[in-house]
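Right, one structure below, let's go through it.
Below, all heavy atoms of this structure are taken into account, side chains as well, without hydrogens, waters or symmetry copies. Numbers restart at 1 for each chain; the letters A, B, ... are given by sequence-line order, proteins then strands. Predicted, not measured: the structure shown is a model, and the values here were computed from it.
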Protein chains: 2
Amino acid sequence: MSTRDRAVPDAGALDRLFGVLADPTRRRILETLVHAGPRTATELAGDFTITRQAVVKHLQVMADAGMVASERTGRDVRYRATTDCLATAVTWLLATGPAWDRRLARLRRS
Amino acid sequence: MSTRDRAVPDAGALDRLFGVLADPTRRRILETLVHAGPRTATELAGDFTITRQAVVKHLQVMADAGMVASERTGRDVRYRATTDCLATAVTWLLATGPAWDRRLARLRRS
DNA sequence: TCCGAGTGCAACCATCGAGTTGCACATCAG
DNA sequence: CTGATGTGCAACTCGATGGTTGCACTCGGA
């Protein structure tokens with residue numbers, strides 16, 4: 001398939017985006033990075049029973065989806081959340097839901 | 001499972017929700033049901049190169065996530081989209097994104 | 001300089017999931 | 001009644017993926 005991604009948000013971008021979000025571990029990693037600031041893979045592995053390697057794999061998938069960015073300082077690499085890409089997901093949800101504007105207004109109010 | 005809708009979306013609901021959304025075929029099915037109205041599995045199978053059985057499987061997964069509802073009339077079953085549940089996904093996205101309000105305002109304007 | 005802590009890469013395993021085929025059952029139309 | 005169309009269920013293939021272990025490499029500090 002030559003259908004890559006490009007400016008049009010659909011196809012692979014949404015796949016990767018929602019694919020990352022579909023995993024609870026990945027969501028927890030994202031939440032941790034968002035709320036507790038940048039962390040290294042080993043630090044994250046301390047919080048999540050699983051191995052550092054598994055965390056690294058998750059982070060790679062997330063990086064591929066544009067959800068995290070790695071930044072090396074010395075010998076350790078810290079990952080930070082780049083939540084801008086989540087706008088793509090929200091855009092799709094807004095385009096798909098039939099009567100979103102009212103609901104959305106309610107959500108924003110809370 | 002007794003884990004239904006709660007104020008705080010439980011992990012399983014988000015798993016199923018984003019899990020459904022992660023598949024391009026499933027997204028297209030949802031879009032079709034939203035924009036073209038209720039359809040049967042065989043009708044949907046006509047639009048999507050894949051088998052009716054595959055479509056049925058997708059629909060079952062989507063129903064399990066609360067994204068579609070089946071309604072039988074005579075011998076054929078038509079599925080309709082129930083997009084209310086997507087609010088859960090939006091809620092999580094809003095809670096996770098750090099500075100969503102401005103971005104959201106921009107999105108709503110378009 | 002040398003050791004320990006952190007990272008990267010690769011092989012490997014088990015499971016999940018998308019998709020298929022085949023067939024039995026139900027229902028509508030002639 | 002009988003055939004055609006539609007649905008439901010089950011078994012199977014096969015690739016993707018989450019997770020592991022093991023090892024080599026790099027960097028910082030005592």
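Scanning for side chain to side chain donor-acceptor pair (under 3.5 Å) contacts around Arg39(B) gives an empty result, with sequence neighbours left out. By the side chain to side chain donor-acceptor pair (under 3.5 Å) test, Thr32(B) pairs with no residue at all, sequence neighbours left out. Under the rule for a side chain to side chain donor-acceptor pair (under 3.5 Å), the partners of Glu31(B) that lie at least two apart in sequence or sit in another chain are Trp92(A). Partners of Thr82(A) under the side chain to side chain donor-acceptor pair (under 3.5 Å) rule, at least two apart in sequence or in another chain, do not exist in this structure. Listed by chain and residue number, Phe18(B) satisfy the side chain to side chain contact (heavy atoms under 4.5 Å, CB included) test with Ala22(A) (two or more places apart in sequence, or in another chain). For Asp64(A), the side chain to side chain contact (heavy atoms under 4.5 Å, CB included) criterion is met by Arg16(A), not counting sequence neighbours.
Taking the charged nitrogens against the carboxylate oxygens, Arg27(B) and Asp15(A) do have a contact shorter than 4.0 Å, which makes a salt bridge.
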Atom pairs under 3.5 Å: protein N/O with N/O of nucleotides 24-30 of chain C:
residue: dT27(C); atom: O2; partner: Arg75(B); partner atom: NH1; Å: 3.1

Polar atom pairs between nucleotides 10-12 of chain C and protein, under 3.5 Å, N or O only, would you list them?
none

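Phosphate contact (OP1/OP2 of dT20(C), side-chain N/O of Thr51(B), threshold under 4.0 Å): present. For the pair Thr42(B) and dT5(D), the criterion of a side-chain N or O lying under 4.0 Å from OP1 or OP2 is not met.
A donor N or O paired with an acceptor N or O is not found under 3.5 Å between the base of dG19(D) and the side-chain atoms of Arg52(A).
Within 4.0 Å (heavy atoms only), Arg78(A) reaches no atom of the nucleic acid at all.
Atom P of nucleotide dT17(D) and atom CG of Asp15(B) are separated by 16 Å, given to the nearest angstrom. Nucleotide dT20(C) holds its P atom 9 Å from the NE2 atom of His58(B), rounded to whole Å.
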Listed pairs under 3.5 Å, donor-acceptor, residues 49-57 of chain B side chains, sequence neighbours left out:
none

